[in-house]
Amino acid sequence: MADYEPGDYVEVQTKKGVFRGVLLPTSQFSDRNVVLLKLDNGYNVGIVPDQIRVLRKGTQKKKIKKSVPAPNPNLPTVSILGTGGTIASYVDYRTGAVHPALSAEDFAYAVPEIRNEANIRARLIFNILSEDMKPEYWIKIAHAIKEESERSEGIVIPHGTDTMTYTAAALSFMFPKLSVPVVLVGSQRSSDRPSSDAYINLLSAVRVAKSDLGEVAVVMHATSNDDVCHIHRGTRVRKMHTSRRDAFKSINSAPIGVVGEELKFTEEYVKKSDETVLVPSLDEKVSLIYYYPGMPVSVFERMLEGMHGAIIMGTGLGHVASDFVPAVKKAVKDGVIIGMASQCLYGQVNLNVYSTGRELKNAGVIPLGDMLPEVAYVKLMWLLGNYDEEEVKRLLPENLRGELASRRVLQ
Ligand code: ASP
């Protein structure tokens, strides 16, 4: 066991020099080779140590007493439903301590400004990295939202950023009506780095959760500065950068609002209804198929095997190689519902321009306008889980939750 522990005042030798400060606890997301130090000047640094020497043992045992103030009757109640991801742990910027945010106390302690915004109820639904997310977990989150919607005025869902937009889309379809805002939020930089975006994102999300929004939104940094967050519609947003703090962009539409000094909705948005209606069923037998030049038809056929539906991410206006057409025709004849979205992401699918497009359309492929491929995938799962075949075909190209620019796509 190491003979130093969080709270000790230490001297750390590194390749870059010698640092002195108080050793901070690490979180599950910290790099194992790095130690965190609160320097004498108040800054926190993460450094790779060659040697650590304890100069003074921590005077008090590190159990910091956290107290949550009594609920303020003048503030609304916001529920924070944790699901994991980088944002699931926080640095307290005054003490530098890293806390996994598991309870109401932890949240209120980690971002104290939240207390001025709302009374917080918090619960951890699960704690996973979002690459491990599954449709059954979306359903779990949806049930937790339904329960909390009866106890609070708004809901914030901290979530890993990788697949946050899939979850946002799934929840958008599962809730045809919402009596509370549902706000997903994540962070791109682990909270033990000085550049972490967790703090501003979470605070902004809580502020949006107090608004009159009645749809699912994603709140993340708007720029690489630490001042403004965008409010994105849950069916229009995509993670467009691996590491930038402003990685989340609304595609084919503008964000529905901004939260900075003040909260402003800039586009039309759905307002709260009097009730929350949950329609949670999903049919997981749907494929999302990225077509690429050289893709063997047999691979395509295998991806359709046993499926009830598929979304193809076609090239350009919505194409696959013309020798795929017989396989498409057969699948459609066997009852597989196939929608076409575009790899371009920006712009509309149009199957009327090129001969391949027309052949695919004649084979029964449904063009999906400017709907994002992942959103189309989740939507098809939801439709198949709740409607019969004819209704699914009718509703897939309809605008149900703002996932399309116009009410109905170009047929
Ligand atoms: N891979 C992580 C996740 O999606 C990244 C993050 O949390 O931002 O859970």
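Just so you know, ligand 1 is whichever comes first in the structure, and atom 1 is the first atom listed for that ligand. Heavy-atom basis, side chains included; hydrogens, waters and symmetry copies ignored.
- Taking only nitrogen or oxygen atoms, main chain and side chain alike, K239 does not reach within less than 3.5 Å of ligand 1.
- With hydrogens and angles disregarded, no donor-acceptor distance shorter than 3.5 Å links the side chain of D212 to the backbone of K271.
- Here the heavy atom of the protein found nearest to atom 8 (O) of ligand 1 is T161 OG1, 2.6 Å.
- Heavy-atom contacts of L129 reach the following atoms of ligand 1: 9 (O) (cutoff under 4.0 Å).
- Taking a 4.0 Å cut-off on heavy atoms, G84 fails to register as neighbouring ligand 1.
- Backbone and side-chain nitrogen or oxygen atoms of S130 are examined, and one is located within less than 3.5 angstrom of a nitrogen or oxygen of ligand 1.
- With hydrogens left out, the protein atom closest to atom 2 (C) of ligand 1 is E131 OE1, 3.6 Å, a heavy atom.
- The backbone N or O of I155 lies less than 3.5 Å from no partner atom in the side chain of S79, so there is not a single donor-acceptor pair.
- F324 and Y291 have their aromatic ring centers within a separation under 6.0 angstrom.
- Both tests do not hold together for K177 against F175: distance to the six-membered ring centre under 6.0 Å, angle to the ring axis within 45°.
- Residue contacts with ligand 1: Q188 is placed with no nitrogen or oxygen under 3.5 Å of a nitrogen or oxygen of the ligand (distance criterion only).
- The protein heavy atom nearest to atom 6 (C) of ligand 1 is T86 OG1, 3.1 Å.
- Selection from T242, T83, D132, D162 by nearest heavy atom to atom 5 (C) of ligand 1 gives D162.
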